[in-house]
Protein chains: 2
Amino acid sequence: MTQYQKNKQLTDLVLEVFQLNGQFLQAGDRLTRPFGLTSARWQVMGAVYLAGQPLTVAQIGRRMGLSRQAVQRIANDLEKLGFCSFAPNPDHARAKLVLLTDKGQDTLTTLNRAQEQWVTELGKGLDEKAISNALTLLRQVGHNNMTIEKDTE
Amino acid sequence: MTQYQKNKQLTDLVLEVFQLNGQFLQAGDRLTRPFGLTSARWQVMGAVYLAGQPLTVAQIGRRMGLSRQAVQRIANDLEKLGFCSFAPNPDHARAKLVLLTDKGQDTLTTLNRAQEQWVTELGKGLDEKAISNALTLLRQVGHNNMTIEKDTE
DNA sequence: GTCGAATTGACAATATATTGTCAATTGTTT
DNA sequence: AAACAATTGACAATATATTGTCAATTCGAC
């Protein structure tokens, strides 16, 4: 296989990632709509859920690759809707902690079940080994890209 | 491998796609910045380039999964900057055709070279077959997802 | 050809994202 | 502890995206 063909495959993979990103976001919006959520709101709630402990807005932003301001706005929305609340942070007077309310926890649990169902459908007819191989490759690509960006800056 | 583990792998793959999408967009912005472009503008120009013929704004939107309005705004910007121009459409009185100017063509050619260089770096140390296997799997995932969305609507 | 449905660009209104600035706070260095 | 740099939330300004509406136009059914 020539370098040209390899590059072509990888370029097509990049384009496919763009496509899938859009599709997944759409699926996320569909799954969350019944709860008054969106993919973006789900992402913020998920960050707190995955951390297993309250996080500050800035921490969520760093973990998810979002700006502080974007997370702040979403967190404020989520508080208004009752999915999360702010608690004083003993380690930082200004940086309040975002934590999930019971309603937020319950919604996330329900959403996780819906997501599990969705991903099961998504995997129909696909070989498990092929999935893990693809995941490994994507992670390698991500790692290479980070190296490139680091060198470039 | 249990169904649970397969789902976990696929969920991680979805999350990795989100990560990569952000990284690729960032790389695209970096590559295009010297020309006064962005990833979004590049995408619109690329659609016309790939088609090999002038396209209407609505056609570009459909092909790229963007709204008409978003493409229209970007196309207007590109015209102001001299990268593309509008031509009368013999088949449709209102829907003008977007075509690349010489400047647009030249810039795209240069960008393609830069992209080729970037993707070569991105592929360093990766096996060609692994890339094409991953691409195949991602396309299958995309196809499955389209089926799900279609059933759901 | 005529009618109705679908497409299109323009425009407006709203929502969301990005970027920069500021003062309060925290962490680090000395 | 004093000085300085980095982080943080709040706010503002701008940029971009989304959604809905409208009239002009095109297309299809008949």
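Chain identifiers are assigned alphabetically (A, B, ...) following the order of the sequence lines, protein sequences preceding nucleic acid strands; residue numbering begins at 1 within each chain.
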Report task. Describe the nucleic acid contact of B/Arg73 in one word from base, sugar-phosphate, nothing, applying a heavy-atom distance below 4.0 Å. Result -> sugar-phosphate
Report task. Have a look at B/Arg41 and say if it touches a base, only the backbone sugar-phosphate, or nothing, with a 4.0 Å heavy-atom cut-off. Result -> nothing
Query raised in the report: With a 4.5 Å heavy-atom cut-off, do B/Val98 and B/Leu55 have their side chains touching?
Result: no
Of all the nucleotides listed ([options]), which has the minimum atom distance to the side chain of [X]?
X	options	result
B/Gln69	D/dG9, C/dA10, C/dT8	C/dA10
B/Arg94	D/dA17, D/dG9, D/dA24	D/dA24
B/Gln72	C/dG9, D/dT26, C/dT25	C/dG9

Requested in this report: Take A/Glu116 and A/Asn112 through the test side-chain hydrogen bond (donor to acceptor under 3.5 Å, both in side chains) and record every step on the way to the result.
Outcome: CA-CA 6 Å; A/Glu116 185 85 9; A/Asn112 283 345; over 6 Å; no
Requested in this report: Give the cluster check for B/Val17 versus A/Leu10: same hydrophobic cluster or not, with ILVMFWY residues linked at side-chain heavy-atom distances below 4.5 Å.
Outcome: yes
Query raised in the report: Closest nucleotide of DNA chain D for B/Ser67 versus for B/Asp77: which of these residues is on the 5' side?
Result: B/Asp77
[X] [atom1] - [N] [atom2] separation (whole Å):
X	N	atom1	atom2	answer
A/Asp91	D/dT7	CG	C1'	14 Å
A/Asn76	C/dA17	CG	P	13 Å
B/Glu79	C/dG9	CD	C1'	14 Å
B/Leu25	C/dT18	CG	C1'	14 Å
A/Asn89	D/dT8	CG	C1'	11 Å
A/Leu78	C/dT16	CG	P	12 Å
B/Leu55	C/dT7	CG	C1'	16 Å
B/His92	C/dA6	NE2	C1'	10 Å

Report task. Apply the test ring pair (Phe, Tyr, Trp, His ring centres under 6.0 Å) to residues B/Phe83 and B/Trp42: give CA-CA distance (whole Å), side-chain angles for both, the deciding distance (0.1 Å), then the verdict. Result -> CA-CA 10 Å; B/Phe83 291 104; B/Trp42 190 11; over 10 Å; no
Query raised in the report: Would you say the side-chain atoms of A/Arg68 pair up with the backbone N or O of A/Gln59, donor to acceptor, closer than 3.5 Å?
Result: no
Report summary line: Between A/Arg68 and A/Ala40, the residue closer to the 5' end of DNA chain C by nearest nucleotide is A/Ala40
